[in-house]
Engineer: 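To start, I am sharing the structure in question, which I have written as structure tokens.
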Amino acid sequence: MPTSNASPTSPVFTEQPSAVPAMTFRPHHLKAQELKHTQSFSSMSSYASSAHTDTESISNSSSEEERPTKKHSAPASNTRKGERRPGGGSSLRPAGKANDWYSGGRITSNGRWFRDSQNRTLLLRGVNLCGNSKLPTTPNGSTHLNEGFFDHRNVCFLGRPFPRDQADEHFSRLRRWGLTFVRLLVPWEALEHSGPGIYDDKFIDSLVELIELMPKYGIKCFIDPHQDCWSRFSGGSGAPGWTFEAAGLDLRKFKMTGAAYVHNTNQEAGDSPPMVWPTNYTKLAASTMFTLFWAGDTFAPKKMYQGEPIQQFLQNRYFACYNHLAQRLSHLDAVIGFEVMNEPHPGYIGLESLTRYEFNSNLVFGDSPSAVEGFALGDGMALPIEVWVKSWPFPTKKQGTRMINTEKVSAWLDGECLWKQHGVWSVNQKTGKVQVDRPDYFTKHPITGEPIDFSRFYLDFIGKYSKAVQSAIPSAFVFVEPIPNEAPPIWGPGDHDEGIVYAPHWYDLHSVFNKAFDGRITHDVQGLSKGKNVLAATYFGLKGARKNYKGQLSNLLNAGLQNVGNKPCLIGECGIPMDINQRKAFMSGDFGHHSRFLDAILSSLEANLLSFTLWNYNTTNDNTYGDHWNGEDFSIFSLDSPQGTPEAGRSPGSDSRLTLRQQAPNFAKEAMKRSAASNADVVSKLQIKRGGHESGSYGSFVGEKGSVDNDDECRSSNEEETISAAEDSPFDRSYFRFEDEEFDDGRDHVAHVGGRALDAVVRPYAAKVAGEPISTDFDLATLQFTFRFCNYLQAPIPSVQISSPEKQQQQPRLITSNSNTSSDSTLDSQWYGHPPENDTTMAFDTEIFIPTYHYDEARLEICVSDGDWRYVKERQTLYYRHKDMKPGAVHSVLIKVVGGAALSNSLGKNNSSSTSINNKRTVGSPGPSKLKSDSAYGSSNSGSSSHQAGKPESDAGCVCTIM
């Protein structure tokens, strides 16, 4: 990073003379010749370690300084046979990738950040899995179909989100894309569709099978009890059909009475469905169900079902259902928590006017009855109802009226409206018109007259739900989101606080509603809904879009910190519709607008240092029906996406190649077949035999042909794990190819088949940070990535534990503000997968995901403020260990592509590349940095600004710089 950019908030770090004690790291114990293997590692590391007394030279360099090393024999492995964790590593410290959420131990939290068991800050990234989980597989629940729709008890969700035989394909793709934190959709209907208390344990068994596979791919998840507009039968997804029967509603009459707009029944064949499903939140069916669910005791005390008040009946079934699921999943390390409910809605609670909905806070579109008109329609009256259409500058405007319920049928099983029974409205006997009898019924308590606050009902529900889940999984996080586009409730002293995660959603609602984006104009819908001036809420160009989105997300984050408290924040949903701009990209293959649109969103999330899960990864998406739900098409994966993306301009252009689905109807099996064939060919060329090593402690090599992603299946049953405790860090073990390493073809790899807008989706990020993040930025045009973080002002724990075979008997030493050194110590516990609960490890390794999708053939310049780094291309990971241990010290990492230095990527060929070191001067620096290359690359020539390293048998090169 240029020194001219230095500022008081971004200090410049320089190498000091040897008189200042330097941070001592464990030296690498392998000789140069032991590291030089084909594809063994992909780059060089910078080392700034101090000299050691017990060292030996590992090169014949004439440099003033020698890379120190220690010789030792590796202890026997402590891993029991059959207990090897998928992905490699040792029993003491799994050797993880940046996007592997198991390598750092259990996910915990501290203030607004997620943490791992090594007290590193986690910036989680992943996807919603997936949109089709809202729909049953039998009968086919796609919303353009209606066969068997009303037979709501006899449905099946087996095969959601995808069948078991496709799991390896999809999980490996997500791992390659760095999206390994999953919001797993499990609607209430999928679990309890047959009736109250009757659970579909076969479906749960299938979920368990899928989740059990997640650790192999470094994936963790949380469960999302997904709903939209209450249920599929009221135009959305979520609750079972029998919940309407409990409330007294006849779901077969919703279309005629206007109680819901259901795509399966309302949409005419061949129509292009409008973005109308959210209007169901203001219609009779959904609004009534939400009101009864949250506050039936208050607003409908007369309504009982099976001897219970309707609120108690519905909530108790919900709690029991997800408690049952939590018990079934309680043994799975992959599950870290449960969400309370997707996009909760208050129904009628707090509704100030029963005669008109505010279009600033509600989507008024299509047939738009007011609340009282909805009551009357459901009661069997025929009424003229306003029809609203799209407009500008306001989203919609009134176009006219049309008659609804001309057949005068009732939506109630007993023929009379529940709200009429409770005295909310009536029909004027003289005029025959509808009249509101209690206009403040939903804003004041019907009995006490006290003001009604929906937050109180919601917070009470959160507390009960949290106890139901955490009674089965005590360590579970509870993800809570507010009503969409509203501030979260304010947590008080008596509200459930343990394990809470603030998980709101965010979209560019203007672009989503209009399905259009060209990068010229965006609007602050969040501000407009709060009365912001139209001109002030209008932004121009992509730079303006980022400013707009960054501001909205900042407001969202700050509202959570203020109302919920100092809790972790994760954006549970964000993304873009892929069918924008009249679906032109589907014809041309040019997803350039999509990439720029999504990049603006993701850059804004990154600017606010937010974790997120994209909406969505849908394994059945296609260009005709999109996500197969209500006309939406958000999936970053599609069966109809072209096989490859052109390189020119970094944005996909026209591509006339057939999709994989067009070539092979069985998409999943064909993809796995191609991947296995490709990997088998590469493996056969890269087999390495053990021999000539001082010990057999450097891991096992790929010796069988087959899919690398299925490494556990191709491992010999007699093979023992031999990774020593000394090799628990990327700085302390050799980079031979372990079974879990991936071969890569960059952007043309078969795993990218089906991807959409991958230029923006797949991006570098700091996943595990040995400190607190300050800023992160990725420039899609130049592929430059910058990240800054600082040491904790107060260490979360007093001791540092780092395993070292030479010092098995030593006790850990404390780190104080007056010392910048650490000692090695033993980890005497033997754990598997997660560290033990009382493990007090504090790691200094920051792990950054570097996707080969962008950087496979690139020559990289990697600049760090201080300390050591190592880039392991096969793991798509840059490991960075900072040197300055002072509390609050700031560290920087800069990664950029060296122009015109792309290297040929030909797997199986013994490509060589030159690796140079540029010793840049910084302001106040006494001279060139004494940074040296890893001796595995050959000897270095002291005083030379350009070093021609020995040729690592790899396919990528790096330039190493200290800032």
Engineer: Applying salt bridge (Lys or Arg N to Asp or Glu O under 4.0 Å), name anything that partners Asp224, two or more places apart in sequence or on another chain.
Structural biologist: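 Salt bridge (Lys or Arg N to Asp or Glu O under 4.0 Å) check on Asp224 returns Arg183.
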Engineer: Partners of Ala767 by side chain to side chain contact (heavy atoms under 4.5 Å, CB included), sequence neighbours excluded?
Structural biologist: Ala98, Trp101, Tyr765
Engineer: Under the side chain to side chain donor-acceptor pair (under 3.5 Å) criterion, do Tyr792 and Asn119 qualify, and how do the steps go?
Structural biologist: CA-CA 10 Å; Tyr792 299 120; Asn119 281 300; over 6 Å; no
Engineer: For Arg763, check side-chain hydrogen bond (donor to acceptor under 3.5 Å, both in side chains) against everything at least two apart and list the hits.
Structural biologist: Asp599, Ser603, Glu606
Engineer: Should the pair Arg747 and Tyr853 be classed as cation-pi, given the thresholds of under 6.0 Å to the six-membered ring centre and 45° from the axis?
Structural biologist: yes
Engineer: Among all residues two or more places apart in sequence or in another chain, which pass the salt bridge (Lys or Arg N to Asp or Glu O under 4.0 Å) test with Arg112?
Structural biologist: none
Engineer: Where do Cys221 and Met214 land on the side chain to side chain contact (heavy atoms under 4.5 Å, CB included) test, with the steps shown first?
Structural biologist: CA-CA 9 Å; Cys221 71; Met214 289 184 177; 3.8 Å; yes
Engineer: Name all residues meeting the side-chain hydrogen bond (donor to acceptor under 3.5 Å, both in side chains) criterion together with Trp177; count only those two or more places apart in sequence or in a different chain, and write none if there are none.
Structural biologist: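 Partners of Trp177 under the side-chain hydrogen bond (donor to acceptor under 3.5 Å, both in side chains) test: His752.
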Engineer: Show the numbers, then the answer: is there a side chain to side chain donor-acceptor pair (under 3.5 Å) between Asp868 and His882?
Structural biologist: CA-CA 6 Å; Asp868 297 351; His882 60 269; over 6 Å; no
Engineer: What residues form a side-chain hydrogen bond (donor to acceptor under 3.5 Å, both in side chains) with Tyr502, not counting sequence neighbours?
Structural biologist: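 For Tyr502, no residue satisfies side-chain hydrogen bond (donor to acceptor under 3.5 Å, both in side chains) once neighbours in sequence are set aside.
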Engineer: Going by salt bridge (Lys or Arg N to Asp or Glu O under 4.0 Å), name the residues that satisfy it together with Lys550, two or more places apart in sequence or in a different chain.
Structural biologist: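 None.
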Engineer: Report the residues that fulfil ring-ring contact (aromatic ring centres under 6.0 Å, His included) with Phe612, sequence neighbours left out, ordered by chain and then residue number.
Structural biologist: none
Engineer: Establish, yes or no, whether a centroid distance under 6.0 Å links the rings of Phe787 and His891.
Structural biologist: no
Engineer: Taking only Lys NZ, Arg NE, NH1 and NH2, and the carboxylate oxygens of Asp or Glu, determine whether Arg120 and Glu847 approach each other closer than 4.0 Å.
Structural biologist: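 Yes.
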Engineer: If you draw a 6.0 Å radius around CD in Glu498, do more than 12 non-hydrogen atoms from other residues or ligands fall strictly inside?
Structural biologist: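 No - once you tally the heavy atoms of other residues, nucleotides and ligands closer than 6.0 Å, there are 12 at most.
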Engineer: Begin from the C-alpha positions of His854 and Leu780 and carry the test side chain to side chain contact (heavy atoms under 4.5 Å, CB included) through to its verdict.
Structural biologist: CA-CA 10 Å; His854 284 300; Leu780 180 59; 4.1 Å; yes
Engineer: Can you tell me which residue among Leu124, Ile107, Leu570 is in a side-chain contact (heavy atoms from CB on, under 4.5 Å) with Phe222?
Structural biologist: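 Option passing the side-chain contact (heavy atoms from CB on, under 4.5 Å) with Phe222: Leu570.
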Engineer: The test is side chain to side chain contact (heavy atoms under 4.5 Å, CB included); show your working for Val893 and Ile895 and say whether it passes.
Structural biologist: CA-CA 7 Å; Val893 178; Ile895 302 170; 4.1 Å; yes
Engineer: Can you sort out the partners of Thr782 under side chain to side chain contact (heavy atoms under 4.5 Å, CB included), two or more places apart, ordered by chain and number?
Structural biologist: Asp779, Gln784
Engineer: Does Lys220 qualify as a cation-pi partner of Tyr102, given the criterion of NZ or CZ under 6.0 Å from the six-membered ring centre and within 45 degrees of its axis?
Structural biologist: yes
Engineer: Could you tell me how the ring of Phe171 sits relative to the ring of Tyr217: parallel (under 30°), tilted (30 to 60°) or perpendicular (over 60°)?
Structural biologist: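 Because their plane-to-plane angle lies in the 30° to 60° range, the rings of Phe171 and Tyr217 count as tilted.
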Engineer: Which residues pass the salt bridge (Lys or Arg N to Asp or Glu O under 4.0 Å) test with Asp497, sequence neighbours left out?
Structural biologist: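 By the salt bridge (Lys or Arg N to Asp or Glu O under 4.0 Å) rule, Asp497 matches Lys567.
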Engineer: Quick one: side chain to side chain contact (heavy atoms under 4.5 Å, CB included) partners of Pro764, sequence neighbours excluded?
Structural biologist: Phe778, Phe785, Ile850, Pro851, Tyr855
Engineer: Go through the structure and list residues passing side chain to side chain contact (heavy atoms under 4.5 Å, CB included) with Ser554, not counting sequence neighbours.
Structural biologist: Asn558, Asn608
